[in-house]
Amino acid sequence: MKKHSAKVAPVSSFSVSELHAAIIDDTSHSSVSRCLSGITYSNSCSSTRKKMCHMSSTEESSSPMFELESRSPLQRFECSRSNLVQSGSGGEGAQANTENTSENHEKSRCQSCTSTFLKIVWGFLIILSVSSSWVGTTQIVKITYKNFYCPFFMTWFSTNWNIMFFPVYYSGHLATAQQKQSLLQKIRECSRIFGEDGLTLKLFLKRTAPFSILWTLTNYLYLLALKKLTATDVSALFCCNKAFMFLLSWIVLKDKFMGVRIVATIMAITGIVMMAYADGFHGDSIIGVALAVGSASASALYKVLFKMFLGTANFGEAAHFFSTLGFFNLIFISCTPIILYFTKVEHWSSFSALPWGYLCGVAGLWLAFNILVNVGVVLTYPILISIGTVLSVPGNAGKCIRTK
């Protein structure tokens with residue numbers, strides 16, 4: 001009995017090892033043709049399969065049926081399962097890539113829609129703000145004229161407030177920018193509007209002087225026109241500056257000729273003539289129309305020359321330029337109101353008698369209007385800024401009706 005049991009144990013051990021070796025040998029042998037065909041498998045295909053890949057393809061192609069028949073059911077099941085797993089993982093990868101592409105496309109569409117929606121919302125807010133600030137400026141000027149009529153002093157005082165334009169911009173930069181710059185760094189960056197060397201004394205006098213004169217002339221003629229005409233008429237006439245700007249851009253800047261704009265210009269000029277003819281070509285009416293048209297023309301010339309010499313400016317450069325205009329006005333034009341005061345052209349009894357509340361209101365609203373116009377170009381579409389200026393006409397008309 002002992003001998004019999006000793007014989008049984010080796011047989012069972014031998015059969016298990018033989019079966020395991022046969023499975024490895026058959027599996028490695030059957031994998032050669034697949035390796036040669038360039039198909040990769042999962043980890044179930046062991047390294048012994050890869051060692052057989054050096055066999056020639058002619059040897060394997062000569063006995064495909066033998067290889068298929070020599071496989072055991074266990075081998076066939078394992079290789080079929082590895083093929084299914086690999087094909088399934090490949091399909092899932094392709095499907096995942098397709099889903100990622102569609103998700104990225106949807107995200108980009110959502111971002112563009114959100115950006116457009118925010119621009120429109122900002123546009124409506126800018127329209128209301130621009131229109132309200134311009135209407136407020138015009139109405140406060142009309143109220144101030146009841147007790148204080150010094151249009152050049154009001155122009156000079158309001159222009160000095162442009163000095164605060166750049167500090168307001170820099171405060172917004174400190175509040176919103178992730179990479180904050182020092183004040184000197186920001187001034188040097190924004191002063192490039194004057195050239196690569198920045199703002200020098202020569203450029204300060206050469207570039208700032210003509211624009212400061214045009215700026216003062218525009219506002220001074222506008223305030224003079226408000227004395228002769230109603231606020232509604234002056235606002236309507238001043239809106240013609242867009243037509244004059246197109247004509248000057250076509251002549252000076254050689255911009256593209258557009259028939260629609262020519263028609264709009266002709267209609268604007270026709271409206272000016274009709275408004276002058278309403279009360280006859282005499283008296284304060286024609287003088288007021290001439291002053292308003294002169295203000296619109298000076299504004300158009302200012303914008304065309306700005307584009308010609310300084311080009312297109314971003315918000316920071318515009319803020320720097322406006323503050324420079326304010327400093328130039330304070331330094332070089334302060335002598336003009338002094339001369340007008342001593343010559344009794346614009347005279348007041350004492351500084352305490354000046355309506356400082358109204359003067360600060362006009363200057364503050366004028367500054368707000370200029371800031372909103374430049375901010376609006378960054379946040380929304382430029383056409384909406386023009387719409388906001390045009391809406392000041394019905395705004396002033398409604399205010400006049402309420403006053404009456």
Lys307: partners by salt bridge (Lys or Arg N to Asp or Glu O under 4.0 Å), with sequence neighbours left out: none

Closest approach of Ala225 to Ala292 (non-hydrogen atoms, all atoms of both residues): CB-N, 3.8 Å

Heavy-atom donor-acceptor pair, Ser212 side chain to Thr208 backbone, under 3.5 Å: no

Greater than 12 external heavy atoms within 6.0 Å of Lys180's NZ: yes

Between Phe322 and Trp215, ring centroids under 6.0 Å: yes

Whether Trp134 and Tyr222 hold their rings parallel, tilted or perpendicular, with breakpoints at 30° and 60°: tilted

Which pairs of donor and acceptor atoms, one on a side chain in residues 168-177, lie under 3.5 Å apart (sequence neighbours left out)?
residue	atom	partner	partner atom	Å
Tyr169	OH	Lys186	NZ	3.3
Tyr170	OH	Gln181	O	2.7
Tyr170	OH	Leu183	N	3.0
Ser171	OG	Pro167	O	2.8
His173	NE2	Gln181	N	3.1
Thr176	OG1	Gly172	O	2.7

Pairwise distance CD1(Ile333) to CD1(Ile213) - rounded to 0.5 angstrom: 7.0 Å

Heavy-atom check, side chain of Asn162 versus side chain of Leu367, under 4.5 Å: yes

Under 3.5 Å donor-acceptor, Ser132 side chain and Ser129 backbone: no

Contacts of Phe153 that satisfy side chain to side chain contact (heavy atoms under 4.5 Å, CB included) - sequence neighbours left out: Phe148, Cys150, Trp156, Pro337, Glu346, Trp348, Leu354, Leu359

Heavy-atom pair with the smallest gap, counting every atom of Leu237 and Val289: CD1-CA, 3.9 Å

Phe332, CZ: over 12 other non-hydrogen atoms inside 6.0 angstrom: yes

Which atom of Pro151 lies closest to which atom of Leu224, heavy atoms considered: CG-CD2, 3.7 Å

Flag, side chain of Ser392 to backbone of Thr389, donor-acceptor distance under 3.5 Å: yes

Polar contact flag, side-chain donor to acceptor under 3.5 angstrom, Asn396-Ser235: yes

Geometric class of the Phe351/Tyr341 ring pair [parallel <30°, tilted 30-60°, perpendicular >60°]: parallel

Non-hydrogen side-chain atoms of Thr200 and Phe204 separated by less than 4.5 Å: no

Any donor-acceptor N or O pair under 3.5 Å, side chains Thr232, Thr230: no

Under 3.5 Å: donor-acceptor pair, side chain of Gln139, backbone of Gly136: no

CA sep, side-chain torsions, deciding dist, call: Ser133, Trp366, side chain to side chain contact (heavy atoms under 4.5 Å, CB included): CA-CA 7 Å; Ser133 60; Trp366 228 326; over 6 Å; no

Tyr149 and Thr144 side chains, donor-acceptor separation under 3.5 Å: no

Steps toward side chain to side chain donor-acceptor pair (under 3.5 Å) verdict (Tyr220, Ser295): CA-CA 8 Å; Tyr220 180 59; Ser295 177; over 6 Å; no

Any donor-acceptor N/O pair, Ser297 side chain to Val293 backbone, under 3.5 Å: yes

Rounded distance [0.5 Å steps], CZ in Phe194 versus CG in Leu199: 5.0 Å

Separation between OG1 of Thr138 and CD1 of Ile143, rounded to the nearest 0.5 Å: 11.0 Å

Proximity of Phe211 and Phe328 rings by center, below 6.0 Å: no

Spacing of CG belonging to Asn314 relative to NE2 belonging to His320, to within rounding of 0.5 Å: 11.5 Å

Distance, nearest 0.5 Å, that separates OG of Ser158 from CZ of Phe369: 13.5 Å

Over all atoms of both residues, closest heavy-atom pair of Leu372 and Ile385: O-CD1, 4.5 Å

Residue pair Phe165, Phe321: steps toward the ring-ring contact (aromatic ring centres under 6.0 Å, His included) verdict: CA-CA 9 Å; Phe165 202 135; Phe321 184 78; over 10 Å; no

Nearest atoms (heavy-atom pairs only) where Gly388 meets Val130: C-CG1, 4.0 Å

Side-chain donor or acceptor of Tyr145 paired with backbone N/O of Leu223 under 3.5 Å: yes

Lys142 side-chain N/O to Leu226 backbone N/O, donor-acceptor pair under 3.5 Å: yes

Point-to-point distance, once rounded to the nearest 0.5 Å, from OH of Tyr302 to OG1 of Thr216: 10.0 Å

Any donor-acceptor N/O pair, Ser191 side chain to Arg188 backbone, under 3.5 Å: yes

Non-hydrogen atoms of Asn374 and Ala318 that approach each other most closely: OD1-CB, 3.4 Å

Short side-chain to backbone donor-acceptor contact, Ser323 and Phe166, under 3.5 Å: yes

